[in-house]
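Following: one structure in structure tokens, then a few remarks.
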There are 2 protein chains.
Amino acid sequence: MPRTPPGQTRDRIYRFVRDRLLGGDAPSLREIRDHFGFRAVETVRAHLAVLVAEGRLDRQPGKARGYRLPAGAVPRQGLAPIVGTVAAGGFEEAIGNPEGEIPIGIPPSRSASDYFALRVRGESMTGAGIFPGDTVVIDRRARPRSGQIVVALVEGEVLETEATVKRLVLTADAVELHPENPAYPVLRPAADSCRILGPVVELRRRFR
Amino acid sequence: MPRTPPGQTRDRIYRFVRDRLLGGDAPSLREIRDHFGFRAVETVRAHLAVLVAEGRLDRQPGKARGYRLPAGAVPRQGLAPIVGTVAAGGFEEAIGNPEGEIPIGIPPSRSASDYFALRVRGESMTGAGIFPGDTVVIDRRARPRSGQIVVALVEGEVLETEATVKRLVLTADAVELHPENPAYPVLRPAADSCRILGPVVELRRRFR
DNA sequence: GACCATACCAGACATATGTCTGGTAATCAA
DNA sequence: TTGATTACCAGACATATGTCTGGTATGGTC
């Protein structure tokens, strides 16, 4: 390879690597070498080392195909399972047999499996702008706090335990689930008949 | 590892691999083995071989970290630009200088560039459950129809042309933009001072 | 029981891939 | 000129990683 002006080849290498990574296919050093017609792997490695030093790439030393785009360079995406009806006790099974999946953005340090989605039934939260047919995204790992809108499993008279969306209110000695619609009652479930699945972090509504 | 029912472990492996691939980080066989507590790499390889045979994964033989999601196996994802304030006539510039990006699902035969997102200002659509701070996703290529919620650019008294969300009503000889809040007036813009950017296809609301 | 399929294990092996050491040549500044 | 910096080369080396051969155990079917 003839010598090129400083930085020029490196920019081309960066774009090549970035495009491969965006396509979900990390290149090896030798693949990059071949693409640019270099004869030495070390040439590539030197360029990549500069890109890492500049903060344009991240590297996982020793790992095969270990170069990555730095966190924050591009929003991370993932798929969250859409849970349908939740039968008694079968929340984990419901997660395992999703009705579908919706794409979500994933914060750094979190994983796609931290989240699931639920289709809203009933009109108990219309006051908060949450309508039947909407989809809510729940963070399973976040601790639900008083005042937040949460998804909870409450044992009712029926055997079916249905997941519901309500506003959580924690008092000194009890858990309350407040609807946002005067036509619905506040739920005050016993501690052992109620399980908070997590706070709602996002609402989605599709228009046809 | 104790023996598990047929297919169950394999499904878990599939989801693990898929989530890693969606995160742009292909796992090695040994990473999968360690994650599930297996003691033999071959256990993983056998499961992956079945997944490939079922068409749930693709494989590039011999390549390190060579397992991939088959094209079309997963809903296509993309990033839509979030448009901030739209100054007069500057819609295309606003698209070019987005405030951020949000992940969206892309139907087959469509492209990510067909969509953009807009942050909602004002309370004119609270009756439809659309509040200030919400984000709406707009399909630029779809023809807006009467009755749909759309985003429109309307020239007002101010020089700033602001994009607004309204319900579109097409009468025999005029365009009307209806708010969904009695406190706001119906807009009847002249044809040349109004531009419909497209119908709202999705609503997003984030909870902190 | 004989047979088959499935889940899992053990360890050797080959190769894909990152790492390192040392070298040549061009360019630029002091 | 000298020295520093940069682009690139050559090849050995270590390790990360896929591949293979063979084995154990469980559950089902004929």
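The structure displayed is predicted, hence computed values, not measured ones. Just so it is clear: chains get the letters A, B, ... in the order the sequence lines come, proteins before strands, and each one is counted from 1.
No donor-acceptor pair closer than 3.5 Å links the side chain of B/Arg167 to the backbone N or O of B/Gln148. Judged purely by atom type and a 3.5 angstrom limit, A/Arg59 has no side-chain atom pairing as donor or acceptor with the backbone of A/Tyr67. A distance-only check finds a donor-acceptor pair linking the side chain of A/Arg68 to the backbone of A/Arg65 [under 3.5 Å]. Proximity of a side-chain donor or acceptor of B/Arg33 to a complementary backbone N or O of B/Ala40 within less than 3.5 Å is not detected.
In this structure, the CD atom of A/Glu54 is 13 Å from the C1' atom of D/dT6, given to the nearest Å.
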Annotated protein contacts, base or backbone, on nucleotides 10-20 of chain C with a non-hydrogen cut-off under 4.0 Å, one of B, S, - each: B-----SBBBB
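Phosphate proximity of D/dC8 to A/Thr9: present, with a side-chain N or O under 4.0 Å from OP1 or OP2. For C/dT6, neither phosphate oxygen OP1 nor OP2 lies less than 4.0 angstrom from any side-chain nitrogen or oxygen of B/His47. Residue A/Thr43 has no polar side-chain atom (N or O) positioned under 4.0 Å from OP1 or OP2 of D/dA7.
A salt bridge links B/Arg205 to B/Asp134: at least one charged side-chain nitrogen sits closer than 4.0 Å to a carboxylate oxygen.
Taking every heavy atom of both residues into account, B/Arg204 and B/Pro103 meet most closely at NH2-O, 3.1 Å.
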